Amino acid sequence: MKNLILILAIVAFVSCKKETVAIQVSKPETSVYKDTILNLKIESNLGNKTILTDTIAQQTLNNYFKNKGFMLQSEVDVDLNIPRLPQNKDKNVIAFDTLLVINNHSGIVSYWNAKPNAVGHCVQPHHAIIVADTGNFKIISEDFLDSTFALDSIKNNVVFGYSYNCAMDKIIKKYTFTIKP
């Protein structure tokens with residue numbers, strides 16, 4: 001009986017020790033994954049002479065989601081009781097964040113899609129693609145990247161970004177995507 005207790009104690013001690021060592025040795029991966037091609041069908045109507053700006057991107061984003069039944073942050077800012085109305089129950093709020101321009105006629109819009117008055121440091125923005133269309137701009141993909149993916153910049157059709165674990169406050173992997181229109 002004493003031998004059985006001794007063996008169990010040794011097994012428990014060794015297995016706990018191995019788990020601790022594994023946690024201490026693990027390193028966050030920070031290598032950059034290059035030449036990942038993001039095949040986006042970005043066919044903007046080049047007959048549109050209007051250049052994509054933050055204002056146009058925000059109007060396009062707001063119109064797109066308003067037509068889908070979402071509330072806009074500008075509405076909630078005016079009257080904080082709007083989310084409490086019965087017709088707005090369980091609706092999310094859309095708020096424009098930033099525009100990363102791919103070219104004069106297309107870009108990636110970062111926007112917030114959350115419950116009204118949501119707070120928390122791990123709420124991450126969503127990303128949509130906006131392109132020129134006949135006389136207008138339109139959203140062609142409202143959530144083409146996972147919301148755990150953060151974008152840094154775009155240069156010469158190359159998107160720089162990273163996958164981020166907010167709860168652990170660490171970058172999982174860095175990425176570069178080449179956009180092939």
Side-chain angles (χ1 to χ4, degrees), residues 15-44 51-62 64-65 68 70-74 76-77 90-132 137-181:
S15 64
C16 289
K17 188 174 181 179
K18 284 183 184 176
E19 195 171 351
T20 305
V21 171
I23 291 171
Q24 290 174 351
V25 222
S26 66
K27 297 179 184 176
E29 190 171 332
T30 56
S31 58
V32 176
Y33 290 81
K34 295 181 180 177
D35 300 327
T36 303
I37 297 175
L38 185 61
N39 288 316
L40 300 175
K41 190 174 183 180
I42 301 177
E43 294 179 1
S44 55
I51 294 175
L52 183 60
T53 63
D54 283 357
T55 305
I56 292 171
Q58 184 173 4
Q59 290 170 348
T60 305
L61 185 77
N62 287 348
Y64 178 81
F65 281 105
K68 292 183 88 173
F70 287 80
M71 291 184 293
L72 304 177
Q73 186 63 45
S74 57
V76 175
D77 290 342
D90 297 327
K91 285 187 179 180
N92 278 6
V93 175
I94 300 296
F96 174 81
D97 187 45
T98 54
L99 169 67
L100 295 173
V101 177
I102 297 170
N103 58 40
N104 287 339
H105 303 292
S106 62
I108 299 174
V109 179
S110 294
Y111 64 96
W112 302 96
N113 181 352
K115 294 292 179 194
N117 304 315
V119 293
H121 69 284
C122 282
V123 177
Q124 297 295 313
H126 295 251
H127 309 286
I129 299 173
I130 184 172
V131 296
F137 285 89
K138 68 177 183 177
I139 303 288
I140 61 169
S141 178
E142 71 179 63
D143 244 341
F144 80 102
L145 288 174
D146 189 303
S147 63
T148 61
F149 192 85
L151 297 176
D152 281 333
S153 60
I154 298 177
K155 185 174 182 181
N156 299 327
N157 287 348
V158 177
V159 179
F160 297 91
Y162 53 90
S163 179
Y164 180 68
N165 184 329
C166 188
M168 295 177 69
D169 192 27
K170 78 174 188 180
I171 294 174
I172 306 299
K173 293 178 186 164
K174 295 180 182 178
Y175 292 94
T176 60
F177 292 106
T178 302
I179 296 176
K180 296 281 185 173

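Just so we're clear, the structure is a prediction, and the values are computed from it rather than from any experiment.
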Backbone N or O of I102 within a donor-acceptor pair of the S106 side chain at under 3.5 Å? no

Quick check against the 3.5 Å criterion: does N103 have a side-chain atom that pairs as donor or acceptor with the backbone of H105? yes

For Q58, run the side-chain contact (heavy atoms from CB on, under 4.5 Å) check against L61, T55, N62 and tell me which one passes. N62

Could you tell me the separation between the [atom1] atom of [X] and the [atom2] atom of [Y], rounded to the nearest 0.5 Å?
X: N165; Y: T148; atom1: CG; atom2: OG1; value: 8.5 Å
X: I129; Y: D143; atom1: CD1; atom2: CG; value: 10.5 Å
X: S110; Y: H127; atom1: OG; atom2: NE2; value: 4.5 Å
X: K68; Y: N92; atom1: NZ; atom2: CG; value: 12.0 Å

Minimum-distance pair of heavy atoms, taken over all atoms of D90 and K115: O-NZ, 3.5 Å

Correct closest heavy-atom pair for F160 and T176 would be CD2-CG2, 3.4 Å

Residue K91 excluded, over 12 heavy atoms near NZ under 6.0 Å: yes

For a 4.5 angstrom cut-off between non-hydrogen side-chain atoms, does [X] reach [Y]?
X: V158; Y: F177; value: no
X: E142; Y: Y64; value: yes
X: I130; Y: I140; value: no
X: V109; Y: T60; value: no
X: L52; Y: F137; value: yes

Walk me through it: do V93 and F70 pass the test side chain to side chain contact (heavy atoms under 4.5 Å, CB included)? CA-CA 6 Å; V93 175; F70 287 80; over 6 Å; no

Evaluate L99 against I56 for side chain to side chain contact (heavy atoms under 4.5 Å, CB included), listing each step before the verdict. CA-CA 10 Å; L99 169 67; I56 292 171; over 6 Å; no

Looking only at side-chain N and O atoms, does Y164 offer a donor or acceptor that is under 3.5 Å from a partner on Q124? no

Modelled atom types, side-chain donor and acceptor of N113 and H126, under 3.5 Å: no

Output, in order, the C-alpha distance, side-chain angles, deciding distance and verdict of side chain to side chain contact (heavy atoms under 4.5 Å, CB included) for I94 and M71. CA-CA 6 Å; I94 300 296; M71 291 184 293; over 6 Å; no

Taking the six-membered ring for Trp, is the centroid-to-centroid distance between Y175 and F149 below 6.0 Å? yes

Set of residues satisfying side chain to side chain contact (heavy atoms under 4.5 Å, CB included) with respect to A128, sequence neighbours excluded: Y111, I139

